[in-house]
Amino acid sequence: MVTLHIADKEIECAEVRPIKLTMLITEGGQEYLLINDWGQQYLYAVAREEGAQPQFTYIDQVVRVEEAYKSYRLTI
């Protein structure tokens with residue numbers, strides 16, 4: 001059971017199936033959301049405007065994902 005607290009109300013829900021979300025960002029700053037829903041993967045574009053909620057636009061189902069592991073060093 002999951003209870004969501006939103007402003008002035010609560011919503012109680014049962015989690016039916018797990019979904020994995022991955023946020024992806026290109027070198028140019030474009031953001032994407034990769035949703036893995038029981039083995040099926042879907043890609044959404046994310047648009048953010050100052051002071052507004054993010055907008056998600058469905059692009060397509062993803063056939064294959066290749067991961068290139070690189071070692072990055074962050075300097076803070």
Side-chain angles (χ1 to χ4, degrees):
M1 184 62 82
V2 175
T3 302
L4 306 172
H5 300 272
I6 302 172
D8 60 344
K9 64 180 177 179
E10 292 182 1
I11 302 171
E12 290 190 12
C13 308
E15 185 174 346
V16 178
R17 56 187 202 190
I19 296 176
K20 180 181 175 188
L21 305 174
T22 305
M23 184 63 124
L24 305 168
I25 303 173
T26 66
E27 288 183 27
Q30 175 62 48
E31 297 177 319
Y32 295 95
L33 186 63
L34 180 63
I35 299 177
N36 186 335
D37 181 17
W38 287 75
Q40 300 293 317
Q41 295 183 326
Y42 306 96
L43 187 64
Y44 288 79
V46 180
R48 298 175 188 253
E49 292 184 23
E50 181 104 18
Q53 294 183 359
Q55 299 294 315
F56 301 94
T57 305
Y58 176 74
I59 296 177
D60 206 347
Q61 184 172 354
V62 176
V63 178
R64 186 175 80 193
V65 175
E66 293 181 23
E67 295 184 25
Y69 294 98
K70 294 183 180 180
S71 175
Y72 290 101
R73 183 174 186 175
L74 297 176
T75 305
I76 299 176

Trainee: Would you say Val65 ends up clustered with Val46 if hydrophobic residues are merged whenever their side chains have heavy atoms under 4.5 Å apart, either directly or through other cluster members?
Mentor: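 In one cluster: no.
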
Trainee: Could you report the tightest heavy-atom contact between Val62 and Tyr42, atom names first, then the distance?
Mentor: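 Heavy atoms of Val62 and Tyr42 come nearest at CG2-C, 4.2 Å.
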
Trainee: Mind jotting down which residue pairs meet the salt bridge (Lys or Arg N to Asp or Glu O under 4.0 Å) criterion with at least one end in residues 52-63? Sequence neighbours excluded, please.
Mentor: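 Non-adjacent pairs meeting salt bridge (Lys or Arg N to Asp or Glu O under 4.0 Å): zero.
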
Trainee: Hey, mind stepping through Leu33 and Ile35 against side-chain contact (heavy atoms from CB on, under 4.5 Å) and telling me if it holds?
Mentor: CA-CA 6 Å; Leu33 186 63; Ile35 299 177; 4.2 Å; yes

Trainee: Considering residues at least two apart in sequence or located in another chain, which fulfil the side-chain hydrogen bond (donor to acceptor under 3.5 Å, both in side chains) criterion with Glu66?
Mentor: Arg64

Trainee: Which donor-acceptor pairs under 3.5 Å do the side chains of residues 1-14 make with protein atoms, sequence neighbours left out?
Mentor:
| from | atom 1 | to | atom 2 | distance (Å) |
| --- | --- | --- | --- | --- |
| His5 | ND1 | Glu10 | OE2 | 3.3 |

Trainee: Please identify each residue that fulfils side-chain hydrogen bond (donor to acceptor under 3.5 Å, both in side chains) with Asp37, with sequence neighbours left out.
Mentor: Arg17

Trainee: With sequence neighbours excluded, what pairs up with Gln40 under the side-chain hydrogen bond (donor to acceptor under 3.5 Å, both in side chains) test?
Mentor: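 For Gln40 the side-chain hydrogen bond (donor to acceptor under 3.5 Å, both in side chains) partners, ignoring immediate neighbours, are Gln61.
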
Trainee: Can you list everything that forms a side chain to side chain contact (heavy atoms under 4.5 Å, CB included) with Gln53? Sequence neighbours excluded, please.
Mentor: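 Applying side chain to side chain contact (heavy atoms under 4.5 Å, CB included) to Gln53 gives none.
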
Trainee: Output all residues satisfying side-chain hydrogen bond (donor to acceptor under 3.5 Å, both in side chains) with Glu15, sequence neighbours left out; order by chain, then residue number.
Mentor: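 By the side-chain hydrogen bond (donor to acceptor under 3.5 Å, both in side chains) rule, Glu15 matches no residue at all.
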
Trainee: With sequence neighbours excluded, what pairs up with Tyr58 under the ring pair (Phe, Tyr, Trp, His ring centres under 6.0 Å) test?
Mentor: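 Expected list: Tyr44.
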
Trainee: Restricting to pairs with a member in residues 19-33, which pass side chain to side chain donor-acceptor pair (under 3.5 Å), not counting sequence neighbours?
Mentor: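 Qualifying pairs, neighbours excluded: Glu31-Arg48.
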
Trainee: Go through Leu34 and Leu21 one step at a time and tell me if the side-chain contact (heavy atoms from CB on, under 4.5 Å) criterion holds.
Mentor: CA-CA 6 Å; Leu34 180 63; Leu21 305 174; over 6 Å; no

